[in-house]
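Worth saying up front: this structure is predicted, and the values here are computed from it rather than measured. Labels below follow one simple rule: chain letters A, B, ... track the order of the sequence lines, proteins then strands, and each chain is numbered from 1.
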There are 4 protein chains.
Amino acid sequence: MTERFVLSRQIEFNHCDPAGMVFYPRYFEMISATVERFLADEIDYGWTTMGASTGGFGTPMGQIDVRFSNPSYLGEWLDFSLVIKRLGRASATFEITCSGDGKTRFVCNATIVHAETGGGKSQPWPDAARTRMTRFLDASEDPEMRTPA
Amino acid sequence: MTERFVLSRQIEFNHCDPAGMVFYPRYFEMISATVERFLADEIDYGWTTMGASTGGFGTPMGQIDVRFSNPSYLGEWLDFSLVIKRLGRASATFEITCSGDGKTRFVCNATIVHAETGGGKSQPWPDAARTRMTRFLDASEDPEMRTPA
Amino acid sequence: MTERFVLSRQIEFNHCDPAGMVFYPRYFEMISATVERFLADEIDYGWTTMGASTGGFGTPMGQIDVRFSNPSYLGEWLDFSLVIKRLGRASATFEITCSGDGKTRFVCNATIVHAETGGGKSQPWPDAARTRMTRFLDASEDPEMRTPA
Amino acid sequence: MTERFVLSRQIEFNHCDPAGMVFYPRYFEMISATVERFLADEIDYGWTTMGASTGGFGTPMGQIDVRFSNPSYLGEWLDFSLVIKRLGRASATFEITCSGDGKTRFVCNATIVHAETGGGKSQPWPDAARTRMTRFLDASEDPEMRTPA
């Protein structure tokens, strides 16, 4: 059965815009944090381990799309729930659903590439990381979905 | 002939991540700034005018997708070039291309909705704003493209 | 005895700069979050309650100073520990110490003013909020310390 | 005569909080950008040149204090005006005044340290950089002012 990774976050003043709602670029920081904690805490292959800051491997974003359905407000707790829709040789496509209080706020599809830092070449996932990631692979994945790498 | 709106920005330290490249959530702030200046400076219907902060109308993001092709580095100057791919009754889909030094960094499609603030109902664009926006409507628009509202 | 309010945060990729350390403006977002949670969770007079977003009262920053002593790195857990050094009629001066792994990262003094939103006049703290705040008043406060309002 | 370095910036939606004013942590990004452009454009010793991202020298913030006097709003143009109050062997204390429309928004004093990246030792400014910086040294500097390094 597919596991899901869930990060919970409370909406802070610094996330909100003058209209009193979450400013959508802040969601991308939360999406990044969801991927960050997933790789570090569940896959045991986080950005520190892979050397994203120090010249090793990183996971640059290849493509991302988000459909927003409901606004979010100051003080709300949101869940960012991640499954893998496609696990490529050197890439992974996540579906991240953000919801709170029973309402979906957005659904995001994001494809990261496992690559040498500094804009370098893509490289296959290490075996141990790949094996751990398969637990989060959603069986209902769309076989038509295409991703880079 | 279709006009383009171009915002130029220099990449600063605060945009860059530990891998030394632009951290992709920062691009969404730049995308937001591109739409902000376009609406205010070209369409004369900016967020202050429409009352986004004070309880009037705003332009929440309905859907956004970005394909990244090349990384960007500290000190580089980038152009964010906007055309309108679809102009709906109460929405607009922008294509924003980010490039610098002859290389595309990303292509973004973003659909904003003209709506009452506070998560309110969508409302038609004012006539004057719509008229000005048509100058930026790209004739090569894909007729199949669907957007909310 | 003086109570302390402590917020714990893990350093994320989005907090770090190309030198691989926390980019200091991000600390101010964490300082803001510390004050935000303190007012909401301990004083029961948070920004939502006082109407900071909706036209009521807010707590604009009057003055802030920070002395940095050690850098912070990706993945570290930091504690932001708050006491009140001075409780004015319509203001409060916090001392927020940030530390992790036994090392101080910075010490911050920050004076907020309780005021009408929109740049309005300062107003006395409500009695209930003031009473709760006194539990966090540090007895060793420097009597010479001056703050606005 | 003392020269001033001035950076002008327009306040964007992403800088503003739910109270409709600039969220003060965003000012620290602008302060950082002011120092960044000053060092790169006036002193010809910017963060790229000194190797802040790549393992050379950087200018971590040692101490910063800001006194806020007036709020800033969406769309306003602000000037960030920098002079040097003290030029140490391996440090520099800037006074950065932010104003717009004839009103001061804040006055900031910030001391950076010229040091090896990665939390390394402070190192004297290169001679050429020091010479260029003296043009911005404010003669009215307070001789009692003490800074680290």
Side-chain angles (χ1 to χ4, degrees), chain C residues 15-36 46-48 50-73 91 103 105-113 115-120 146-149, chain D residues 15-36 46-48 50-73 76 103 105-113 115-120 146-149:
Chain C
H15 303 133
C16 294
D17 66 18
M21 306 185 305
V22 171
F23 181 56
Y24 74 88
R26 306 289 167 243
Y27 280 134
F28 290 88
E29 298 181 46
M30 301 177 204
I31 289 167
S32 174
T34 303
V35 173
E36 180 172 2
W47 293 336
T48 304
M50 67 177 80
S53 317
T54 50
F57 294 96
T59 59
M61 185 58 65
Q63 181 182 353
I64 190 165
D65 70 84
V66 181
R67 285 172 180 265
F68 300 96
S69 37
N70 286 288
S72 301
Y73 297 96
S91 69
K103 280 195 289 197
R105 310 310 167 95
F106 68 74
V107 177
C108 166
N109 281 274
T111 299
I112 61 171
V113 181
E116 293 160 4
T117 57
R146 283 191 301 273
T147 55
Chain D
H15 303 132
C16 294
D17 67 18
M21 306 185 304
V22 171
F23 180 56
Y24 74 87
R26 305 290 167 243
Y27 280 134
F28 290 88
E29 299 181 45
M30 300 177 204
I31 288 168
S32 174
T34 303
V35 173
E36 180 173 1
W47 293 335
T48 304
M50 68 178 79
S53 317
T54 50
F57 294 96
T59 60
M61 185 59 66
Q63 182 181 351
I64 190 164
D65 69 83
V66 181
R67 285 172 178 265
F68 300 97
S69 36
N70 286 289
S72 301
Y73 297 96
E76 287 193 298
K103 280 195 289 198
R105 309 311 167 94
F106 67 74
V107 178
C108 167
N109 282 275
T111 299
I112 61 171
V113 180
E116 293 162 3
T117 57
R146 283 191 302 273
T147 56

(request) Determine the minimum heavy-atom distance between C:Phe68 and D:Gln63, stating which atoms define it. (result)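 The pair with the smallest heavy-atom distance is CD1-N, 4.2 Å.
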
(request) Compare every heavy atom of D:Phe28 with every heavy atom of C:Pro25, then report the nearest pair and how far apart it is. (result)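 Nearest heavy atoms, C:Pro25 then D:Phe28: CG-O, 3.5 Å.
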
Atom group of [X] that falls short of 4.5 Å from chain D, counting heavy atoms:
| X | value |
| --- | --- |
| C:Ala19 | both |
| C:Tyr27 | neither |
| C:Tyr73 | side chain |

(request) Would you mind reporting whether C:Arg67 and D:Met61 have side-chain heavy atoms less than 4.5 Å apart? (result)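 Of all side-chain heavy-atom pairs linking C:Arg67 with D:Met61, none is under 4.5 Å.
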
(request) Please examine the side chains of D:Pro18 and C:Trp47, heavy atoms only from C-beta on, and report whether any two atoms are closer than 4.5 Å. (result)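 Result no, sub-4.5 Å side-chain heavy-atom pair not found.
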
(message) Run the salt bridge (charged side-chain N to carboxylate O under 4.0 Å, His left out) test against C:Glu36 and tell me which residues pass, sequence neighbours left out.
(response)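 Expected list: none.
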
(message) Looking only at heavy atoms and a cut-off of under 4.5 Å, which of C:Val66, C:Asp17, C:Asp65 has the most pairs with chain D?
(response)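 Answer, by heavy-atom pair count under 4.5 Å with chain D: C:Val66.
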
(request) Name the member of D:Ser32, D:Gly58, D:Pro71 that forms the most heavy-atom pairs with chain C at distances under 4.5 Å. (result)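 Most heavy-atom pairs within the cutoff with chain C belong to D:Ser32.
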
